[in-house]
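Here the structure comes first, spelled out in structure tokens, and everything after it is commentary.
Sequence positions, counted from 1, serve as the residue numbers for this chain. Order of appearance sets the numbers: ligands from 1, and atoms from 1 within every ligand. Keep in mind it's a predicted model, so treat the numbers as computed, not measured.
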Amino acid sequence: MSISLKKIVAVLNAKWLGLKAENEIENISIDSRSLQNSPSTLFFAIVGVNNDAHNYIEDLMSIGVQNFVVQYVPAGLEDKANFLVVDNSIKALQDFAVFYRNKFQFPVIGLTGSNGKTIVKEWLNFLLSPDFNVIRSPKSYNSQVGVPLSIVAINEKHNLGIFEAGISTVSEMQNLEKVIQPIIGVLTNIGSSHDEGFENIEYKIKEKLLLFNHAEVLIYQKDAAVDRFINPRNKTFSWSFNDETATVLVFKKEIVNQHTVIHYTHDGKVARFEIPFLDKASIENAISCLMVLLYLNYESAVIQARMLLLFPVEMRLKVKNGINNCTLVDDSYSSDFQSLKIALDFLESQKQFQSKTVILSDIFQSGLVNEELYDRVAKLIISNNINRVIGIGDTISAFKEKFNNCITYNNTAEFIADFEHIDFSNETILVKGARSFQFEEIVALLEEKTHETVLEINLNAISYNLNFFKSKLKPEVKIMVMVKAFGYGNGGLEIANLLEHHNVDYLGVAFADEGISLKNGGIKTPIMVLNPENTSFGAIIQHQLEPEIYCLKGLHAFLKIAKQKKLQAFPIHIKIDTGMHRLGFEANTLAELISTLKDNDTVKVKSILSHLATSDDPLQRDFTLKQINLFEELSSKIIRELGINPIRHILNTSGISNFPDSQYNMVRLGIGLYGVSNDLKEQKYLETVGTLKSVISQVRVIDAGESVGYGRKFVAKRITKVATIPIGYADGISRGLGNGVGYINIKDQKAKILGNVCMDMIMVDVTDIECTEGESVIVFGEKPSVSSIAKKLNTIPYEILTSISQRVKRVFYR
Ligand SMILES: *Cc1c(COP(=O)(O)O)cnc(C)c1O
């Protein structure tokens with residue numbers, strides 16, 4: 001891309017203020033943290049519910065970014081950069097994408113639907129790329145900003161586009177239609193997900209179909225509910241399992257050798273193809289792909305040959321613990337330029353280590369000639385401060401000279417043969433390669449080996465939940481996130497890193513050593529220690545942690561040490577007891593607290609807080625209001641008499657939900673971040689963060705009358721198939737879940753726990769579940785949920801989450 005700023009001013013109908021320098025724009029960005037921002041970047045400052053990118057403009061200017069699309073010019077920066085002022089930056093980004101899209105005339109396939117969009121897109125890309133230079137949306141970039149960003153990656157060499165559009169509420173699709181302008185429309189499965197934004201399913205269908213308003217054809221599964229809303233201008237190309245009026249009738253599916261063979265009729269001819277999948281969703285997604293190929297007049301023999309090679313789509317970047325204290329970012333299934341950009345931005349957000357290595361295969365499907373492609377790749381990698389590049393493949397090897405500190409191998413086998421001689425330690429490693437390079441073998445070598453039970457943490461869900469709670473706050477209210485107890489069992493440093501990335505104002509831990517390990521891990525966000533022991537005050541000061549002071553004794557002890565160290569205005573937090581009766585100054589100690597702090601410049605009261613005992617219980621509302629009133633009274637007294645202006649905070653997660661008028665200057669978010677709410681209605685809006693997974697170690701069939709496990713507590717009444725799972729009470733699975741109380745999830749079916757839970761294992765009933773050894777199982781996650789398990793055990797979700805032992809490996813992904 002190379003477009004003059006002047007032209008863009010006209011396209012956006014923007015007011016041009018500031019420098020008015022005639023710059024050329026070469027790329028577009030909305031991410032202030034991306035290292036790919038440069039003097040030729042046009043940065044769109046987007047105002048989100050909780051985050052206003054205008055706040056980062058000054059930082060961006062300091063690294064050389066000069067061109068900004070803004071809704072207002074931040075004060076003090078008026079003459080220092082190019083400002084294109086618009087009413088709405090997202091709208092402007094879309095307008096720009098429409099302008100850019102109109103430069104290209106090739107056919108574009110537009111996909112929408114509730115499920116399957118990304119898989120169908122990836123599969124179509126695979127099926128069509130032998131014949132086209134395909135540009136597609138990276139990952140699941142399908143939102144109001146994701147789609148425009150996908151579009152601006154088109155270059156002159158592309159001759160087919162595949163873009164997906166996702167919407168969460170009405171009126172969004174029209175915008176995306178203008179940006180994508182699909183010629184061939186594909187509606188994938190229209191399930192019931194993300195219904196909140198729509199009054200009902202009809203509205204949802206109607207809205208989704210707007211993507212195809214100007215399409216030449218609509219491909220979809222014939223369905224009366226959809227037919228009603230199809231624009232009569234649209235030509236349709238439909239398929240069905242049973243409706244003979246559909247263009248393509250799939251009349252038979254059969255399983256042969258672990259493959260599904262799909263038989264269909266089209267144009268009076270019978271044909272078939274085979275896919276290496278058995279599940280319903282994959283079959284439907286493959287048929288959506290078939291329809292596109294048929295519409296493009298592909299021969300049945302070609303369809304058969306290519307369909308056989310379909311593969312599982314990995315939609316997420318996985319973060320794993322690596323050997324020698326490395327962190328791995330596993331993106332070993334794609335190697336196009338766009339997804340490389342995304343992976344490098346993600347790598348930058350993983351701040352554990354200074355040192356970064358990228359293992360990269362040849363790059364395919366760029367549409368560019370190699371010389372230019374590798375120029376761009378090298379430039380991108382250099383701008384991301386990558387310390388070492390390991391290139392694998394003939395082509396990347398040929399362009400080795402373009403990179404700094406680069407070693408190359410002709411193929412994966414050569415790299416593996418040399419593996420022992422390469423040093424990997426204390427660094428973050430991005431493993432990124434095309435499927436054909438089988439980089440999963442490299443990941444297997446680099447991954448730390450532990451047992452097969454893992455707690456998978458969905459980092460996107462954490463971001464999502466954070467934003468959900470942020471959206472309930474008044475704009476000026478700060479947020480402290482509680483990461484005590486190893487992030488409620490989910491992982492301390494990794495989650496703190498993510499929260500820092502999201503600019504939360506404070507982190508809260510229970511004990512000093514938790515805070516110290518975060519600081520040692522490079523966390524810069526201020527950390528409050530809830531429960532500092534007097535013996536830890538020295539360490540607290542040394543590591544710049546901020547203690548909560550909750551009694552006179554503690555205050556005097558802290559002041560003594562602080563004075564010895566000649567500290568000035570060291571930040572402390574004053575906790576007052578308003579009815580929880582756990583920690584905190586009581587009303588009758590305030591006078592001495594105030595007189596001690598009066599004219600004391602050793603410490604500075606950063607905040608005053610209290611904690612609610614029953615914010616989750618509507619029956620105890622009066623008690624909570626009494627606590628809040630007392631907090632108001634006591635904190636006001638301290639503020640008045642000391643003449644200070646501290647942050648005040650009292651709300652925890654349930655408090656945020658139930659007492660929105662008492663946000664003061666900050667709230668303390670805990671359990672909600674981890675996807676658990678005490679309120680069933682609210683629970684629906686949160687995303688599941690942790691999924692505890694294990695595998696089947698062994699499967700056996702026992703006769704009626706045989707028993708299972710210690711104490712022979714389960715005796716089979718019928719012939720019973722039993723699976724053994726390597727997770728037990730030492731991993732945090734309560735013995736209370738034994739003897740049929742709890743179940744685990746295998747292929748979306750319930751497998752009851754048989755007999756007693758052992759230290760390292762459980763046995764489950766899989767009589768009616770088709771499953772094999774080595775197969776993955778879910779102990780908790782979406783289903784069964786942590787809340788449902790807590791209920792069975794007569795406890796609270798907090799205890800379930802924090803009981804998962806440290807020997808269970810945490811794997812982070814997005
Ligand atoms: C744990 C804790 C929180 C967070 O509580 P949640 O119910 O998990 O939101 C807030 N404040 C204090 C003092 C805490 O100890």
closest protein heavy atom to atom 7 (O) of ligand 1 is Tyr798 OH, 2.7 Å
May I ask you to check whether Gly670 has an N/O atom sitting below 3.5 Å from an N/O atom of ligand 1? yes
Given Arg668, His649, Glu546, the one that forms side-chain hydrogen bond (donor to acceptor under 3.5 Å, both in side chains) with Tyr506: Glu546
Could you grab the distance from atom NE2 of His501 to atom CD of Glu348, nearest 0.5 Å is fine? 8.5 Å
Taking distance alone, with no angle check, do Thr653 and ligand 1 share an N/O pair under 3.5 Å? yes
Taking only non-hydrogen atoms of Arg582, do any sit less than 4.0 angstrom from ligand 1? yes
Applying the salt bridge (charged side-chain N to carboxylate O under 4.0 Å, His left out) test to Lys809, which of Glu452, Glu456, Glu447 qualifies? Glu447
Polar atom proximity, Tyr488 to ligand 1 (N or O, under 3.5 Å): yes
Which atoms from ligand 1 have a heavy atom of Ile671 less than 4.0 Å away? 6 (P), 8 (O), 9 (O)
Would you find a donor on one side and an acceptor on the other, under 3.5 Å apart, between the side chain of Thr653 and the backbone of Gly672? yes
Should one rank Met482, Lys484, Arg668 by closest heavy-atom distance to atom 1 (C) of ligand 1, which comes out on top? Lys484
Around atom CG of Asn588, are there more than 12 heavy atoms from other residues, nucleotides or ligands closer than 6.0 Å? yes
Mode of Leu530 contact toward ligand 1 - side chain, backbone, both, neither (heavy atoms, under 4.0 Å): side chain
Return yes or no for this condition: an N or O of Gly672 is under 3.5 Å from an N or O of ligand 1. no
By the definition salt bridge (charged side-chain N to carboxylate O under 4.0 Å, His left out), identify the one residue from Arg582, Lys575, Lys606 that meets it with Glu548. Lys575
What orientation do Phe537 and Phe558 show, parallel under 30°, tilted 30 to 60°, or perpendicular over 60°? perpendicular
Which protein heavy atom lies closest to atom 12 (C) of ligand 1, and at what distance to 0.1 Å? His611 CE1, 3.3 Å
